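The structure presented is a predicted model; accordingly, all values stated were derived computationally and were not measured. To find a chain, count down the sequence lines: A is the first, B the second, and so on, and within it residues start at 1.
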2 protein chains.
Amino acid sequence: MTPRNKELNEKVKDERREQILSNSLRLFAKKGLAATKITDISKATGISQGLLYHYYKSKDEIFIELLREGYNKMIEAALGLESLPLTPLEKIKMAIEKLLQGFEENKDTAYYYLLINQASIFEAIPDEAKEIVKSRSLLHEVITRIITAGQKDGTFKNYDPKDMAVVFWTSLNGLAIYNAIQGEDFKPPDANILIGIFIED
Amino acid sequence: MTPRNKELNEKVKDERREQILSNSLRLFAKKGLAATKITDISKATGISQGLLYHYYKSKDEIFIELLREGYNKMIEAALGLESLPLTPLEKIKMAIEKLLQGFEENKDTAYYYLLINQASIFEAIPDEAKEIVKSRSLLHEVITRIITAGQKDGTFKNYDPKDMAVVFWTSLNGLAIYNAIQGEDFKPPDANILIGIFIED
DNA sequence: GTCTATATCCAGATAGAC
DNA sequence: GTCTATCTGGATATAGAC
């Protein structure tokens, strides 16, 4: 086998792994880890159940990889947002709008939220998954910093910034769930309603 | 067997059923329907696995009964709130405070939320459970009516009342989830933060 | 009513042929 | 790489003894 073919094969393998991940994300989000059968995933991907083990060594491994992926995306987005040359208010507005828009345009965004929720709430998930969700506090910290800055410059209300960050995240999480439940019927609420948490308008 | 004994036996049976329900609620909320094994429930209740089938004919039946119970409690609470002789603002304040307080004092309140979420999100739940969660819209309608009244009397902001009801419910739902995740560490955020969704303060 | 034993089924994972 | 066949374990539900 020439190096060229080797490279091509690797690419094909990666693509197949991508397909598996993508199908698993939807299934895990809509059925939950325990209720999603390995055959559900193989059927959705159009391969035999045995072949799936050629790409991943267990159902848990797929779940963990997706969870890690989801977390990384969120943390990157949060840190990216924080570093933009914007006022705190503009940052919060942008976060809310981007997320609501993301929910509407691409179901994957909301699916990742559902995965993280599962991993956070449920006890019966792999240890490695539990480890990943512990980093949740990082996201709270980013938002808390932005809120504190917004209070310093006088634009934000003066409640405990940690409380405000909790309300911020739990509200968006609640909306992600609502979006997943509504499916195609989802219509995002006016972003200004949520911004009322932070400022007088 | 005298009627007196019959009555007593019925009572004992009801109590045992109550214990099973109570343990199942916690387990279903924390592990999910699919990952909760019938032996988990019997162990928690301190009875043999076989005996459980004397009280309920399947795991699904227990789940459905709990779901129905949770819904009835919420709808009763919502309708009760609506009929109180209070202003719309007072009603909303009361709803938020009572719920946050309920989350803190009694984990069952949040567990019911988690059950309803599972039933709403997951596809792999019994048909009868799906039917129950369809009545969710009733709760939205009650809050929408209160919001509309608050807009008429000029105290509430003038966004689409349906959007505001969505934000209201999804926020509280998000907080219920957060509470369940935090467990004993849960400290409810200042209720006034949420009230900022509705009014200028 | 309560338990232990067991029938039945199904799912995760592996083995081996092509 | 891909499939079919199979092993193994575990979970639901039932049966039957006490």
Side-chain angles (χ1 to χ4, degrees), chain A residues 1-21 23-24 27-28 30-66 122-129, chain B residues 1-21 23-24 27-28 30-66 122-129:
Chain A
M1 196 188 283
T2 67
R4 175 138 202 116
N5 278 343
K6 209 173 175 182
E7 226 175 75
L8 188 67
N9 284 346
E10 278 300 311
K11 208 184 147 215
V12 170
K13 185 162 182 175
D14 279 355
E15 273 168 19
R16 183 56 66 84
R17 283 173 67 98
E18 272 306 312
Q19 286 170 15
I20 292 170
L21 281 180
N23 291 320
S24 302
L27 286 163
F28 285 147
K30 292 215 173 187
K31 303 182 72 162
L33 173 59
T36 301
K37 305 306 165 197
I38 216 86
T39 52
D40 293 333
I41 301 173
S42 62
K43 269 185 208 157
T45 315
I47 61 178
S48 75
Q49 173 254 36
L51 183 56
L52 202 140
Y53 287 91
H54 191 76
Y55 295 97
Y56 288 97
K57 70 175 194 297
S58 70
K59 193 170 76 164
D60 282 359
E61 198 191 28
I62 303 176
F63 186 80
I64 290 164
E65 183 149 337
L66 281 170
F122 291 157
E123 290 167 356
I125 62 150
D127 286 344
E128 219 174 325
Chain B
M1 196 189 279
T2 66
R4 176 138 201 120
N5 279 342
K6 211 174 174 182
E7 227 174 75
L8 189 69
N9 285 345
E10 278 301 309
K11 208 187 147 211
V12 169
K13 186 161 182 176
D14 279 355
E15 273 169 20
R16 184 56 66 79
R17 283 173 68 99
E18 271 308 309
Q19 285 170 17
I20 293 169
L21 280 180
N23 291 320
S24 301
L27 286 164
F28 285 147
K30 291 215 172 184
K31 305 182 71 165
L33 173 60
T36 300
K37 305 307 166 195
I38 217 88
T39 53
D40 294 331
I41 300 173
S42 61
K43 269 185 208 157
T45 314
I47 60 177
S48 76
Q49 174 255 35
L51 183 55
L52 203 139
Y53 288 91
H54 190 74
Y55 296 97
Y56 287 98
K57 69 175 198 296
S58 71
K59 194 170 74 164
D60 282 0
E61 197 192 28
I62 302 176
F63 187 80
I64 290 165
E65 183 151 335
L66 280 169
F122 292 157
E123 289 169 354
I125 61 152
D127 286 345
E128 220 175 322

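Looking at A:Lys37, its side chain does come within 3.5 Å of a backbone N or O of A:Ala34 through a donor-acceptor pair. A donor-acceptor pair under 3.5 Å is formed between the side chain of A:Thr36 and the backbone N or O of A:Leu27. Between the side chain of A:Lys13 and the backbone N or O of A:Tyr55 there is no donor-acceptor pair closer than 3.5 Å.
Counting heavy atoms from C-beta outward, A:Ile62 and A:Leu52 have side chains that approach closer than 4.5 Å.
Summarising the geometry, the separation between CG on A:Leu52 and P on C:dA11 is reported as 15 Å, rounded to the nearest angstrom. Regarding B:Ile41, its CD1 atom lies at a distance of 10 Å from the P atom of D:dA13, rounded to whole Å. The nearest whole Å value for the distance from the CD1 atom in A:Ile38 to the P atom in D:dT8 is 20 Å. Distance A:Lys37 NZ to C:dC9 P: 17 Å, rounded to the nearest Å. Here the C1' atom of nucleotide D:dT12 and the CD atom of B:Glu61 are 14 Å apart, to the nearest Å. Remark: C1' of C:dT14 and NZ of A:Lys59 are 17 Å apart, rounded to the nearest angstrom. Between the CZ atom of A:Phe63 and the P atom of C:dG12 there is a distance of 14 Å, rounded to whole Å. Here C:dT14 presents its P atom at 10 Å from NZ of A:Lys57, a figure rounded to the nearest Å.
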Could you list, one pair per line, each protein nitrogen or oxygen that sits under 3.5 Å from a nitrogen or oxygen of nucleotides 2-5 of chain D, together with the distance?
{"from": "D:dT2", "atom 1": "OP2", "to": "A:Arg16", "atom 2": "NH1", "distance (Å)": "3.3"}
{"from": "D:dT2", "atom 1": "OP2", "to": "A:Tyr55", "atom 2": "OH", "distance (Å)": "2.5"}
{"from": "D:dC3", "atom 1": "OP2", "to": "A:Ser48", "atom 2": "N", "distance (Å)": "3.0"}
{"from": "D:dC3", "atom 1": "OP2", "to": "A:Ser48", "atom 2": "OG", "distance (Å)": "3.1"}

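The number of heavy atoms from other shown groups lying within 6.0 Å of CD (B:Gln19) is above 12.
For C:dA13, the OP1/OP2 oxygens have a side-chain nitrogen or oxygen of A:Tyr53 closer than 4.0 Å.
Taking the six-membered ring for Trp and thresholds of 30 and 60 degrees, A:Phe122 and B:Phe122 have ring planes inclined between 30 and 60 degrees apart.
Using a 4.0 Å heavy-atom distance criterion, A:Thr36 is classed as a sugar-phosphate-only contact.
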